Number of protein chains: 2
Amino acid sequence: MNQPGESLRDRKKRRTRAALERATVRLSAERGYDHVTVEEIAAEADVSVRTFFNYFASKDEALIGADPEAGPRMAERVLAAPDEVSPFEAYRRSVLAEITDELNNARDLWLLRKEVLMQRPDLLVRAFANSAQYEQLLADAVGRRAGLPEAHLYPRLLVAAGSAAFRCAVTRWAVDDDVALGDLVSEAFDLFGTGLAHVPKHHHEGGS
Amino acid sequence: MNQPGESLRDRKKRRTRAALERATVRLSAERGYDHVTVEEIAAEADVSVRTFFNYFASKDEALIGADPEAGPRMAERVLAAPDEVSPFEAYRRSVLAEITDELNNARDLWLLRKEVLMQRPDLLVRAFANSAQYEQLLADAVGRRAGLPEAHLYPRLLVAAGSAAFRCAVTRWAVDDDVALGDLVSEAFDLFGTGLAHVPKHHHEGGS
DNA sequence: GGATCGTTTTGCAGTCACTGCAAGTTTGCA
DNA sequence: TGCAAACTTGCAGTGACTGCAAAACGATCC
């Protein structure tokens with residue numbers, strides 16, 4: 001009875017994971033990240049503290065809702081992109097796909113996260129640090145696609161730029177969210193794509 | 001008798017700080033970062049555990065030897081660069097200056113750190129997370145120089161790219177240190193400067 | 001050579017994230 | 001129904017980190 005891809009067990013796991021993520025974000029937004037203990041989070045989600053740590057390796061991860069499949073998924077997308085697409089574009093698309101998916105599924109959570117990240121911008125960086133392994137995975141995918149040797153800087157830089165793009169976009173989005181997060185990430189990628197050597201023209205009331 | 005800038009007190013503080021940094025790096029390289037306790041580090045440096053935490057906010061910081069003055073110093077350099085220099089170039093130079101200074105003063109420490117960071121690449125990212133405040137400071141400096149409004153993505157991205165450049169360069173350097181770290185950082189900056197949209201040509205036996 | 005004042009060091013008690021282990025409980029399957 | 005595998009839980013322990021109040025120390029003034 002688990003052909004549809006979801007056994008009872010799987011469903012329960014997904015729910016527990018979601019509940020923990022949600023509890024972490026909600027409580028942190030309410031009282032501030034470090035005035036919330038894992039004990040409280042676990043209680044809110046109706047599981048034991050030990051179970052919390054079966055799902056997330058750290059409180060940080062739970063706040064961001066780190067999805068262990070996101071890395072591999074993106075790597076796969078990078079490799080699966082059509083041949084005529086550049087490595088840069090392939091990577092950019094896989095990041096954007098991931099983000100729009102995420103926002104479509106949990107926009108409300110991200111609005112709460114924003115509150116937390118405004119107080120503690122370092123948490124986002126720290127969260128990315130946990131996924132250093134996936135960075136390697138992604139860099140390998142990009143490197144393969146670009147036909148570069150293992151040690152070349154380019155794949156690493158591109159992936160790191162992706163993290164940076166996301167991070168900066170969120171920071172900017174937190175300041176004022178008139179613009180969609182996806183658009184900001186896209187804009188950041190454009191800047192990385194065309195190079196940072198020159199200050200981009202910026203259009204505002206008055207012109208340059 | 002403290003006109004020369006260094007009272008006995010100041011000298012002692014500098015020594016203690018250096019001893020703690022050195023002990024952290026040495027022991028971590030020897031036994032692995034998380035098989036070393038702060039207690040052992042403090043003992044090695046001949047101070048109490050509590051004193052360790054008077055100097056460094058965390059074990060992570062001690063490993064990297066986070067210099068609280070580095071951020072402000074770089075910001076100042078960015079603002080002090082000659083007028084005809086672009087914000088990008090100004091920032092690049094201030095990063096490189098900082099790195100070469102650091103390497104000249106403590107190359108041996110960095111060779112040990114390399115060992116540790118090879119095992120635990122996430123530590124470098126985490127260390128940068130602590131200096132999120134300085135990122136803001138630097139971004140403001142760059143933004144001012146570029147004449148961009150507060151909220152613009154460019155300054156943030158440039159600074160984040162700097163971190164990424166350093167991080168990737170160290171990772172690459174750890175793999176094989178035939179190339180000087182400074183050169184690698186410089187190369188990374190070049191890539192960011194000219195844009196990541198296209199895969200850089202890479203010269204090797206056989207040509208493209 | 002003190003007396004004094006500000007700074008640094010220290011010990012201590014406490015909190016909290018996180019881990020390994022060894023049951024217990026639930027789910028999947030025959 | 002019953003067994004095996006997967007999940008949950010409690011427990012005991014480690015270790016990072018904090019606040020506080022007392023002690024040690026360095027600078028300064030007489």
Side-chain angles (χ1 to χ4, degrees), chain A residues 1-21 23-25 27-28 31-64 66 68 116 120 122-123 126-127 129-130, chain B residues 1-21 23-25 27-28 31-64 66 68 116 120 122-123 126-127 129-130:
Chain A
M1 188 230 269
N2 52 358
Q3 265 54 302
E6 283 255 326
S7 64
L8 169 60
R9 212 166 240 174
D10 289 344
R11 223 174 315 140
K12 265 193 168 178
K13 276 182 77 175
R14 264 203 322 130
R15 275 214 220 111
T16 305
R17 190 180 191 81
L20 284 170
E21 185 182 338
T24 308
V25 174
L27 292 178
S28 298
R31 296 185 226 161
Y33 182 71
D34 32 55
H35 293 131
V36 176
T37 69
V38 172
E39 200 175 341
E40 293 167 319
I41 296 169
E44 175 91 5
D46 246 313
V47 293
S48 73
V49 171
R50 197 60 188 78
T51 295
F52 176 97
F53 286 109
N54 285 342
Y55 281 86
F56 296 102
S58 66
K59 208 174 137 192
D60 286 7
E61 268 192 22
L63 182 73
I64 304 302
V116 185
R120 299 275 319 262
D122 59 304
L123 289 178
R126 267 165 50 180
N130 294 339
Chain B
M1 191 229 270
N2 52 358
Q3 265 54 302
E6 285 255 353
S7 64
L8 169 59
R9 217 170 234 171
D10 289 344
R11 223 174 315 142
K12 266 195 166 176
K13 276 182 76 175
R14 264 202 324 129
R15 277 215 219 110
T16 305
R17 189 182 194 81
L20 284 171
E21 185 182 338
T24 309
V25 175
L27 293 177
S28 299
R31 293 185 228 161
Y33 183 70
D34 34 56
H35 294 131
V36 177
T37 68
V38 171
E39 200 173 341
E40 293 167 318
I41 297 170
E44 175 91 6
D46 246 312
V47 293
S48 72
V49 171
R50 196 60 187 79
T51 295
F52 175 98
F53 287 108
N54 286 340
Y55 280 87
F56 296 101
S58 66
K59 209 175 136 192
D60 286 7
E61 267 192 25
L63 180 74
I64 303 302
V116 185
R120 299 276 319 264
D122 58 304
L123 289 177
R126 267 165 51 179
N130 294 338

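Letters A, B, ... mirror the listed sequences (proteins, then strands); counts begin at 1. Quick caveat: nothing in here was measured; it's all calculated off a predicted structure. Just so it is clear, the values below take in all heavy atoms, side chains as well, and ignore hydrogens, waters and symmetry mates.
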- [ ] Output yes when at least one side-chain N/O atom of A/Thr51 is less than 4.0 Å from OP1 or OP2 of D/dT9, else no.
- [x] yes
TODO: Figure out the CD/P separation between A/Glu61 and C/dA17, and round it to whole Å.
DONE: 15 Å
TODO: May I ask you to verify if any side-chain N or O of A/Tyr55 is less than 4.0 angstrom from the OP1 or OP2 atom of D/dC7?
DONE: no
Task: Nearest-nucleotide comparison on DNA chain D, the residue closer to the 5′ end among B/Arg9 and B/Phe56 - done: B/Phe56
Open item on the list: Quick check on C/dT8: is either OP1 or OP2 less than 4.0 Å from any side-chain nitrogen or oxygen of B/Lys12?
Closed with: no
- [ ] Look at all strands and tell whether A/Val49 reaches a base, only sugar-phosphate, or nothing, counting heavy atoms closer than 4.0 Å.
- [x] nothing
Open item on the list: In whole Å, I'd like the distance from the CG atom of B/Asp10 to the P atom of D/dC25.
Closed with: 18 Å
- [ ] Please determine, for the side chain of B/Asn54, which listed nucleotide (D/dG15, C/dC16, C/dT10) has the closest atom?
- [x] C/dT10
Task: Criterion side chain to side chain contact (heavy atoms under 4.5 Å, CB included) against B/Ser28, the qualifying member of B/Leu63, B/Leu123, B/Asp34 - done: B/Leu63
Task: Atom pair distance, as rounded to whole Å: CZ in A/Arg15 and C1' in D/dC7 - done: 15 Å
TODO: Write down the distance between CZ (A/Arg14) and P (D/dC7), rounded to a whole number of angstrom.
DONE: 15 Å
Open item on the list: Ignoring hydrogens and geometry beyond distance, is the side chain of B/Arg11 in donor-acceptor contact with the base of D/dG26 at under 3.5 Å?
Closed with: no
- [ ] Return the value, rounded to whole Å, for the distance between atom CZ of A/Arg126 and atom P of D/dA16.
- [x] 15 Å
Open item on the list: Please report the distance, rounded to the nearest Å, between CG in B/Leu20 and C1' in C/dT8.
Closed with: 13 Å
Task: Side chain proximity check, B/Phe52 to B/Glu39, heavy atoms < 4.5 angstrom - done: no
Open item on the list: Starting the side chain at C-beta, find the nucleotide from D/dT18, C/dC18, D/dT8 nearest to B/Arg50.
Closed with: D/dT18
Task: Any side-chain donor near an acceptor of the partner, B/Arg126 and B/Asn130, under 3.5 Å - done: no
- [ ] Grab the CD-C1' distance between A/Glu40 and C/dA17 for me, whole Å please.
- [x] 13 Å
TODO: Mind running side chain to side chain contact (heavy atoms under 4.5 Å, CB included) on B/Asp60 and B/Tyr33 for me, showing each step along the way?
DONE: CA-CA 9 Å; B/Asp60 286 7; B/Tyr33 183 70; 2.5 Å; yes
Open item on the list: So, OP1 or OP2 of C/dG28: does either fall under 4.0 Å of a side-chain N or O from A/Ser7?
Closed with: yes
TODO: Please determine if a side-chain N or O atom of B/Lys13 lies less than 4.0 Å away from the OP1 or OP2 oxygen of C/dT8.
DONE: yes
TODO: For the residue pair A/Ile41 and A/Leu20, establish whether any side-chain heavy-atom pair is separated by less than 4.5 Å.
DONE: yes
- [ ] Rounded to the nearest angstrom, tell me the gap between atom CZ in B/Phe53 and atom P in D/dC17.
- [x] 5 Å
